S.K.: 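Sending over a structure as structure tokens; questions will come in a sec.
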Amino acid sequence: PATASYVHRHLELTGRTQILDISNACLGFLNAMVLAGGMIDSGQAGSALIVAGENGQPLVERTIEILLENNLDRKAIKPYFANLTIGAGAVGAVLCHRDLLEGRPAPAMKSAIVETDTSHNNLCEGDSAGSDGLEMQTDSEELLDAGIEVARRAWLKFENETGWTADTPQTFVTHQVGRAHQRRLYESLGLDESRDFSTFAELGNVGSVSLPITLAKAIESGSFKEGDKAALLGIGSGLSSIMMAVEW
């Protein structure tokens, strides 16, 4: 069954509450936010609970087995290296119509854009390896180059849609891949890296959980607070990018 069915059961929700799972590599949570926002705006729902969980342990353990079982040279090891940065975590968010807030301040999802280039969907591929294991291979260098190009096009659309510039957000939150990816993204888009809030050093790459849990950490630390604007910059395998404007 879908993970949502287990969440529904443990929360003892009624038959009036729909269950729906969305899975899109690193961007599933943002996809769900866009979908839920559309349902709320159209009147189909007053509020929605979005939940995501990622367990990186099977992938990391299987990767270590592969590296120990084989006599691999540097070239053969490279496709597995990104697996060793995978973490585990879970995050949840409640989206609701502004009328339900009764005037209380809260982060508001203002708009979102998407840019996709599936010609690069072979650069990071994963699948099950037996009953408990997972395997994934990544061409990290090519994925970085292709991802930055998709992000560049997405940022131009984001600026046109929102009217924001690189100077508008007080905080940037991205999908957490690694330090090199972070630096290259900010350089390519002309963004101020000092406004970045990151959790990669602490949590690693937690898949679809990375960006929303980093946003939550930014709120907890006071880096994103009432009166601020934040740009959520999601880039995921496939390739796809979702960029979302959030204003508190």
Side-chain angles (χ1 to χ4, degrees), residues 1-4 6 21-32 50-91 114-151 154 173-185 198-215 232-242:
T3 304
Y6 293 96
D21 268 29
I22 293 186
S23 178
N24 179 20
C26 307
L27 297 179
F29 202 94
L30 292 187
N31 283 127
I50 303 172
V51 179
E54 298 278 4
N55 177 18
Q57 182 175 347
L59 175 60
V60 174
E61 290 183 343
R62 177 58 184 156
T63 299
I64 293 173
E65 289 178 1
I66 292 172
L67 296 179
L68 292 176
E69 288 171 356
N70 300 279
N71 184 20
L72 304 175
D73 58 18
R74 182 177 184 275
K75 183 177 181 181
I77 289 174
K78 282 182 67 176
Y80 296 100
F81 188 76
N83 300 2
L84 301 176
T85 69
I86 301 298
V91 67
V114 62
E115 177 69 21
T116 302
D117 185 352
T118 56
S119 67
H120 298 293
N121 64 12
N122 63 321
L123 297 180
C124 180
E125 296 180 312
D127 204 347
S128 59
S131 58
D132 298 318
L134 294 172
E135 292 186 5
M136 185 173 79
Q137 295 192 44
T138 306
D139 187 332
S140 298
E141 294 172 356
E142 289 292 327
L143 185 65
L144 173 57
D145 290 340
I148 292 298
E149 177 56 27
V150 171
V173 181
T174 71
H175 172 63
Q176 308 291 293
V177 178
R179 179 59 180 159
H181 293 73
Q182 207 87 343
R183 185 183 302 113
R184 177 84 175 275
L185 176 67
S198 177
T199 61
F200 178 79
E202 175 187 357
L203 302 176
N205 179 351
V206 201
S208 62
V209 171
S210 283
L211 196 154
I213 205 170
T214 303
L215 176 62
L232 311 187
L233 312 181
I235 306 171
S237 300
L239 292 169
S240 184
S241 176
I242 295 179

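We use all heavy atoms of the structure for the numbers below, so side chains are in, but hydrogens, waters and symmetry mates are not. Note that the structure is a prediction, hence the values are computed from the model and not measured.
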S.K.: Please check this pair: side chain of Glu115 against backbone of Ala151, looking for a donor-acceptor N/O pair closer than 3.5 Å.
M.R.: no
S.K.: Can you measure from CG (Leu67) to OH (Tyr80) and round to the nearest 0.5 angstrom?
M.R.: 8.0 Å
S.K.: Does any part of the side chain of Val91, heavy atoms only, come nearer than 4.5 Å to the side chain of Phe29, both counted from C-beta?
M.R.: yes
S.K.: For residues Ala88 and Val206, report the shortest heavy-atom separation together with the two atoms involved.
M.R.: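 Closest pair (atom of Ala88, atom of Val206, distance): C-CG1, 3.5 Å.
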S.K.: Any chance you could lay out the side-chain contact (heavy atoms from CB on, under 4.5 Å) test for Val173 and Leu233, step after step, and finish with the verdict?
M.R.: CA-CA 6 Å; Val173 181; Leu233 312 181; over 6 Å; no
S.K.: Can you tell me how far the CD1 atom of Ile86 sits from the CG atom of Asn55, to the nearest 0.5 Å?
M.R.: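 Taking CD1 in Ile86 and CG in Asn55, the distance rounds to 11.5 Å.
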S.K.: Any chance the side chains of Thr174 and Gln182 put a donor and an acceptor closer than 3.5 Å?
M.R.: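 Yes, because at least one side-chain N or O of Thr174 sits under 3.5 Å from a partner of the opposite role on Gln182.
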S.K.: Taking the side chain as every heavy atom from C-beta outward, state whether Leu211 and Leu30 have any pair of such atoms under 4.5 Å apart.
M.R.: yes
S.K.: Check Ser240 against Thr116 and note the closest heavy-atom contact, atom names and distance.
M.R.: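 Scanning both residues, the minimum pair turns out to be OG-OG1, 3.5 Å.
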S.K.: Does atom CD of Glu65 have more than 12 heavy-atom neighbours, drawn from other residues, nucleotides or ligands, at distances under 6.0 Å?
M.R.: yes
S.K.: Find the distance between CD1 (Ile22) and OG1 (Thr3) and round it off to the nearest 0.5 Å.
M.R.: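 So the CD1 of Ile22 and the OG1 of Thr3 are separated by 12.5 Å.
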S.K.: Partners of Glu135 by side-chain hydrogen bond (donor to acceptor under 3.5 Å, both in side chains), sequence neighbours excluded?
M.R.: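 Glu135: side-chain hydrogen bond (donor to acceptor under 3.5 Å, both in side chains) contacts with Arg62.
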S.K.: Test side-chain contact (heavy atoms from CB on, under 4.5 Å) on Ile235 and Val150; report intermediate values, then the result.
M.R.: CA-CA 8 Å; Ile235 306 171; Val150 171; 5.6 Å; no
S.K.: Rounded to the nearest 0.5 Å, how far apart are CD of Glu149 and CG of Asp117?
M.R.: 8.5 Å
S.K.: Sub-3.5 Å donor-acceptor pair from the side chain of Thr214 to the main-chain atoms of Ser210, do we have one?
M.R.: yes
S.K.: Using a 4.5 Å cut-off on heavy atoms from C-beta on, say whether the side chain of His175 contacts that of His181.
M.R.: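 Side chain of His181 against side chain of His175, heavy atoms only: no contact under 4.5 Å found.
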S.K.: What distance do Ser208 atom OG and Asn31 atom CG have between them, rounded to the nearest 0.5 Å?
M.R.: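 CG of Asn31 is found 10.0 Å from OG of Ser208.
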S.K.: My understanding is that only residues two or more places apart in sequence, or in another chain, count here; which of them pass side-chain hydrogen bond (donor to acceptor under 3.5 Å, both in side chains) with Thr138?
M.R.: none
S.K.: Between the side chain of Gln176 and the main-chain N/O of Phe200, is any donor-acceptor distance below 3.5 Å?
M.R.: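 Checking the backbone N and O of Phe200 against the side chain of Gln176, a donor-acceptor pair under 3.5 Å is found.
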S.K.: Judged by atom type as modelled, is there a donor-acceptor pair below 3.5 Å linking the side chain of Ser241 to the main-chain atoms of Gly234?
M.R.: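 The answer is yes, because a donor-acceptor pair under 3.5 Å joins these two groups.
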S.K.: Which heavy atom in Ala146 sits nearest to a heavy atom in Leu239, and how many Å separate them?
M.R.: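 In this case the closest contact between Ala146 and Leu239 is CB-CD1, 3.4 Å.
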S.K.: Please report the interatomic distance CG(Leu27) to CD1(Ile242), rounded to the nearest 0.5 Å.
M.R.: 5.0 Å
S.K.: Is there side-chain contact between Ile148 and Leu185, with heavy atoms separated by less than 4.5 Å?
M.R.: yes
